[in-house]
Amino acid sequence: MLKIADRTFQSRLLLGTGKYPSFEVQKKAVEVSQAEILTFAVRRMNIFSEEQPNFLEQLDLTKYTLLPNTAGAKNAEEAVRIAKLARASGLCDMIKVEVIGDWHTLLPDPLETLKASEMLLEEGFIVLPYTSDDVVLAKRLESLGVHAIMPGASPIGSGKGIINPMNLKFIIEQSTIPIIVDAGIGSPKDAAYAMELGADAVLLNTAVAGAKDPVRMAEAMKLAIDAGRLGFEAGRIEEKEYATPSSPTAGMVTP
Amino acid sequence: MSITVNGRKQLELFQNVQQLLKHYGLENRIVVVEVNQEIVMKENYEMTSLSKGDVVEIVHFVGGG
């Protein structure tokens with residue numbers, strides 16, 4: 001069970017809602033993923049053109065927890081403004097703090113992320129900052145009182161998987177709040193690996209939305225996350241340099 | 001010219017936020033309204049009057065990661 005602040009969730013997969021080929025595919029993908037937390041972005045409404053269907057308005061909102069992000073924010077103040085807009089919808093009080101510091105790599109700005117997190121905590125939000133895999137920054141965020149930390153596996157949308165498992169492991173081991181590996185997941189093996197490292201959950205979007213068959217990939221990710229978590233809880237064997245036989249070495253029928 | 005809505009100057013006059021949303025057919029949509037960077041809560045739509053030079057933002061949730 002995943003616990004963020006006072007909320008509990010059965011699913012350890014958080015799913016993004018961007019870039020799906022169609023609403024139909026997206027609806028099915030969300031359903032088979034069994035995700036309970038869905039991320040969204042806040043944007044100006046295009047009120048001047050024909051009415052455009054909105055995915056959120058087609059969802060049964062009683063079934064999902066919304067996790068809006070502050071994507072687009074370049075500093076802490078902009079992130080806070082976006083977060084407040086999101087909360088004013090009356091639909092959510094959780095916020096994914098996302099302050100991009102470099103538009104080429106989309107890597108987060110650590111200082112503005114820290115500042116935004118502090119401001120949002122003061123405003124009473126449930127704060128989930130998206131960060132790089134910096135171990136000390138994670139520690140600083142936790143001491144501020146954030147409710148979960150979401151270190152990236154690799155740059156957003158890159159599908160490069162877990163670039164630095166050592167840092168992620170350090171973050172996981174030192175933290176007493178949930179660690180949600182966010183960004184860069186490319187395939188089910190990456191998601192399983194994150195969970196085997198001991199992550200509490202995985203947040204992904206492009207890996208499902210951009211797959212050839214998003215619905216089947218959503219299921220694959222769900223299974224991978226369940227398998228990775230189960231494996232972590234079961235406790236894997238030690239790695240050894242040389243072979244050890246699985247069959248008994250005594251009672252051989254051949255001399 | 002009276003107010004700016006989502007970056008565009010509007011010629012029409014709207015007495016309050018409620019009227020503005022009605023004009024764009026947004027009364028029953030999931031939206032959040034900001035006037036001069038101050039959020040207007042739903043219950044205050046009618047009593048929040050609009051005057052010349054006001055800058056209004058109407059935002060909603062879109063797909064994102």
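Reminder, nothing fancy here: chain letters follow the sequence lines and each chain counts from 1.
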Can you list the residues that meet the salt bridge (charged side-chain N to carboxylate O under 4.0 Å, His left out) rule with A:Glu77, with sequence neighbours excluded? A:Lys115

Around atom [atom1] of [X], are there more than 12 heavy atoms of other residues, nucleotides or ligands at under 6.0 Å?
X: B:Glu27; atom1: CD; answer: yes
X: A:Arg216; atom1: CZ; answer: no
X: B:Glu46; atom1: CD; answer: no
X: A:Lys27; atom1: NZ; answer: yes
X: B:Glu38; atom1: CD; answer: no

At a 4.5 Å cut-off on heavy atoms, which part of [X] comes close to chain B: side chain, backbone, both, or neither?
X: A:Lys19; answer: neither
X: A:Ala86; answer: both
X: A:Leu14; answer: neither
X: A:Leu61; answer: side chain
X: A:Gln26; answer: neither

Taking NZ, NE, NH1 and NH2 as the nitrogens, is one of them in A:Lys84 or B:Glu34 under 4.0 Å from a carboxylate oxygen of the other? no

Looking at CE of B:Met41 and OG of A:Ser89, how far apart are the two atoms once the value is rounded to the nearest 0.5 Å? 8.5 Å

Measuring from atom CG of B:Asn6 to atom CD1 of A:Ile47, what distance do you get when rounded to the nearest 0.5 angstrom? 4.5 Å

Find the one option among A:Phe55, A:Tyr130, A:Phe48 whose heavy-atom pairs under 4.5 Å with chain B are most numerous. A:Phe48

Determine the option with the most heavy-atom pairs under 4.5 angstrom with chain B, choosing from A:Gly16, A:Ala71, A:Ala88. A:Ala88

Does the side chain of B:Ile39 reach to within under 4.5 Å of the side chain of A:Arg87, using non-hydrogen atoms? no

Which of residues 32-46 of chain A have a heavy atom under 4.5 Å from any heavy atom of chain B? A:Thr39, A:Phe40, A:Ala41, A:Val42, A:Arg43, A:Arg44, A:Met45

Checking an interface table here. Which of residues 58-65 of chain B come within a heavy-atom distance under 4.5 Å of chain A? B:Ile58, B:Val59, B:His60, B:Phe61, B:Val62, B:Gly63, B:Gly64, B:Gly65

Just to verify, what does B:Phe14 make a ring pair (Phe, Tyr, Trp, His ring centres under 6.0 Å) with, not counting sequence neighbours? B:His23

With chain A as the partner, which of B:Val31, B:Val32, B:Val5 has the greatest number of non-hydrogen pairs under 4.5 Å? B:Val32

Under a 4.5 Å heavy-atom cut-off, does chain A meet the side chain of B:Val40, its backbone, both or neither? neither

Using the side chain to side chain contact (heavy atoms under 4.5 Å, CB included) rule, take A:Leu85 and B:Glu57 through it: C-alpha gap first, then chi angles, then the decisive distance, then the call. CA-CA 10 Å; A:Leu85 283 167; B:Glu57 291 288 342; over 6 Å; no

